[in-house]
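Just below is one structure, and these are the notes that go with it.
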Amino acid sequence: MAWYDEAVFYHIYPLGLTGAPKENSYGTPEHRLNTLIPWISHMKEIGCNAVYIGPLFESVGHGYETTDYKKLDSRLGTNEDLTNYVAKCHEQGIRVILDGVFNHTGRDFFAFQDIKKNRENSPYKDWYCNVNFWGNNEYNDGFSYENWGGYNLLVKLNQHNPAVRDYICDVIRFWVSEFDIDGIRLDAADVLDFEYMKSLRHTANEVKPDFWLMGEVIHGDYTRWVNEGTLHSVTNYNLHKALYSGHNDHNYFEIAHTVKRLYEMGGSRPDGLKLYNFVDNHDVERIYTKLNNKAHFNPVHILLYTLPGVPSIYYGSEFGIEGKKERFSDDSLRPALSLSDYADAVTDNPHTCLIAALGNIRQNTPALSYGDYQELLLTNRQYAFSRNLNGQSVIVSVNNDDSDYVMTLRAGSAAQYIGALSGEKVSVNGGNIVVNVKANSGDIWLPVTPDTKAPVSPVTPVITQPQTAAQPAPSAPENANAVKEIHTETNTAKPADNSAKAEPVPSADSCAQANDKQAVSSDSQDFENGKIAGLQEAILAIMEKNGPVTDQMRRDVEANVYHDSLIAWIKSFR
């Protein structure tokens, strides 16, 4: 067992959170990283024991066009600031992983600058892909080269060059010796050369016990990357998509199908694939913006923390903030925040209260980290499963409907269970428990045994105004058959009496008080934008089923923001 098997991550985009300038003047260091030290206690308070922070190193603008791998970005401070930050994290039991942008560099990187100066005579002319001294580019360099993502600002490294591999491996050694980090998230890992990644893994195995390599991978067979020779984990974009669309479409079949496929991909073993699970990050819209029904914040995050994998929270999302992706800017996804504005969030903000409770439960329930996965009940709007470890079963139930729902679920050997979020106790009868799952909510049912102390954190579901009636955005064709409420044969379930509508749990708990302070109403424009995004997602999903989707195809879809045109586009597929 390694530390990352029990990790709950907090994800920080530091240039955004600290409000750093968009462009680097390479001037006197500004010690903005030090302003993030108070956030370390906040991470711990909401149950996180690891932080993924980056990019951090000297760059031109957004951080992914690296100028110097061995120098903290001047907009954030000095190397001493980063050493101190990591030490402060370790003092509070929080592991630290950084962004490793090893697929490309910026144009100000020393090797590229040497090519500009010495051209064919540069010893670094083979450090980049397809350098052509007969070509040119928009910078009028007098030569051309292969870039990343269509941007000549990002110069693609020649990963087959042993000198490049040796240099990057030396960077990893430097980061460990200088800053004492615990792992690296590899940017654009889905396009990294596999032999290159094997070199990085070999170095990771040398520098520190349990040094973690996690890669950014959008789609594909995750086992190509996650294995003993390459990476420990990759970003779980498959589950990310399923979690928000499965709620927006009232389609838990999509989520359950995704989980089953990924679990089988890992050999149907809890240690098969330890994927990095998330509902939002610095590249995608905030989950609170994506959800048509804001009350689904509860079941979405209950699933995030209980399904197989390593959960991660993106900074600010624990407060329920919005963030919409703009066509030419990600700034709204990466805002500057002041922690003092959220000083009482754990007690006064129902979203933060829920996240803190889930973090506490996750860290104190080994079955959620190491237990196997078994589906117990599945309908479009209700879903239950168990995580089983050493003869004990932890049962998770969620409900995306506006009414309560009663479930009869196969239980483990314990005589009694307690809801870790509700505090409700239920007895096991005939091998089953019967539980009432609140509207747009869920619970984590822990076995009560003489030698087990359940980490109970009573939480009231987030209360919102009723959503406006409207047609949901169409989902991808593979979900089209999941349109009827279907029950598994081994379980029984029935709707609760409508007279038992969800009410705040009577409690002095501060989370219950927080719900009285916050009511979220839907905005018609936001809903229309959500429909457009849903249609775009559907078109891209169909395209992916039909073959590879190029960057240009994706841009064409994202540029179309007209409802009728998108509908016609969907109908045009055969």
Side-chain angles (χ1 to χ4, degrees), residues 1-9 47-50 93 95 209-210 212 226 228 232-233 236 239 256 259-260 262-277 302-311 357-378 383-398 407-435 437 442-457 488 490-491:
M1 297 184 293
W3 66 265
Y4 43 79
D5 291 326
E6 300 180 12
V8 178
F9 270 92
C48 294
N49 54 15
R95 305 278 185 158
D210 296 333
W212 195 55
V226 183
E228 289 301 316
H232 297 91
S233 183
N236 193 354
L239 184 62
V259 173
K260 184 173 184 289
L262 294 173
Y263 195 60
E264 290 174 348
M265 192 182 293
S268 297
R269 305 188 322 274
D271 60 341
L273 282 177
K274 291 281 189 175
L275 300 177
Y276 182 86
N277 295 342
I302 291 171
L303 291 176
L304 173 66
Y305 275 78
T306 58
L307 286 169
V310 179
L358 291 171
N360 174 50
I361 295 164
R362 173 81 186 204
Q363 287 199 27
N364 290 281
T365 310
L368 297 179
S369 296
Y370 301 106
D372 69 13
Y373 164 86
Q374 292 183 14
E375 184 180 296
L376 299 179
L377 180 146
L378 180 62
Y383 176 31
F385 56 89
S386 61
R387 302 294 306 277
N388 310 290
L389 179 68
N390 298 330
Q392 296 290 332
S393 292
V394 173
I395 298 171
V396 179
S397 57
V398 288
M407 297 182 181
T408 300
L409 304 170
R410 185 174 65 252
S413 58
Q416 193 177 47
Y417 275 75
I418 185 169
L421 293 174
S422 66
E424 179 185 354
K425 289 186 177 181
V426 294
S427 297
V428 177
N429 292 304
N432 297 323
I433 58 172
V434 179
V435 297
V437 187
D443 212 337
I444 303 166
W445 302 94
L446 305 175
V448 178
T449 61
D451 58 347
T452 300
K453 292 184 179 180
V456 180
S457 303
T488 56
T490 57
N491 297 281

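Computed from heavy atoms alone, side chains included, the values below leave out hydrogens, waters and symmetry copies. Computed from a prediction, not measured in an experiment: that's the story for all the values here.
At a threshold of 4.5 Å between non-hydrogen side-chain atoms, the residues Ile302 and Ile444 count as touching. Under the 4.5 Å side-chain criterion, counting only non-hydrogen atoms from C-beta, Leu421 is in contact with Ile361. Side-chain atoms of Pro308 and Arg387, non-hydrogen and from C-beta on, do get closer than 4.5 Å to each other. Proximity of Leu303 to Val398: side-chain heavy atoms (C-beta onward) are separated by under 4.5 Å at one or more points. Pro447 places a side-chain heavy atom less than 4.5 Å from the side chain of Val394. Within the 4.5 Å cutoff, no side-chain heavy atoms of Tyr4 are placed close to those of Lys274. Inter-residue side-chain proximity for Ser268 and Tyr373 is flagged as unmet; no heavy-atom pair is nearer than 4.5 Å.
Remark: Tyr305 pairs with no residue by the ring-ring contact (aromatic ring centres under 6.0 Å, His included) rule, at least two apart or across chains. Not counting sequence neighbours, Glu424 has no partner by the side-chain hydrogen bond (donor to acceptor under 3.5 Å, both in side chains) test. Checked against ring-ring contact (aromatic ring centres under 6.0 Å, His included), Tyr417 has no partners two or more places apart in sequence or in another chain.
Of all heavy-atom pairs between Val226 and His232, the closest is CG1-O, 3.3 Å. Considering all non-hydrogen atoms of both residues, Val428 and Ala411 come closest at CG2-CB, 4.1 Å. Among all heavy-atom pairs drawn from Ala384 and Met407, the shortest one is CB-SD, 4.0 Å. Across all their heavy atoms, Gln363 and Gly47 have their closest contact at NE2-O, 2.5 Å. For Val448 against Ala414, the heavy-atom pair with the smallest separation is O-CB, 4.1 Å. Minimum interatomic distance between Gln374 and Asp372 (heavy atoms only, all atoms of both residues): NE2-OD2, 3.8 Å.
Side-chain atoms of Asp5 never come within 3.5 Å of backbone atoms of Tyr370 as a donor-acceptor pair (strictly under, hydrogens ignored).
If you check the side chains of Asn388 and Ser393, you find a donor sitting under 3.5 Å from an acceptor.
Ring geometry for Trp212 versus Trp3: interplanar angle over 60°, hence perpendicular rather than tilted (30 to 60°).
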Quick one: do Ile395 and Leu376 satisfy side chain to side chain contact (heavy atoms under 4.5 Å, CB included)? Show the steps, please. CA-CA 9 Å; Ile395 298 171; Leu376 299 179; 3.9 Å; yes

With side chain to side chain contact (heavy atoms under 4.5 Å, CB included) as the test, would you mind laying out the steps for Asp443 and Val435 before giving the verdict? CA-CA 9 Å; Asp443 212 337; Val435 297; over 6 Å; no

Check against side-chain hydrogen bond (donor to acceptor under 3.5 Å, both in side chains), Glu375 and Tyr383: CA-CA 8 Å; Glu375 184 180 296; Tyr383 176 31; 5.3 Å; no

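Within the model, atoms CG of Leu304 and CG of Leu239 stand 7.5 Å from one another, a figure rounded to the nearest 0.5 Å. Taking CG of Leu378 as the reference point, atom NZ of Lys260 lies at 11.5 Å (rounded to 0.5 Å). For the atom pair Asn364 CG and Glu6 CD, the distance stands at 10.0 Å (nearest 0.5 Å).
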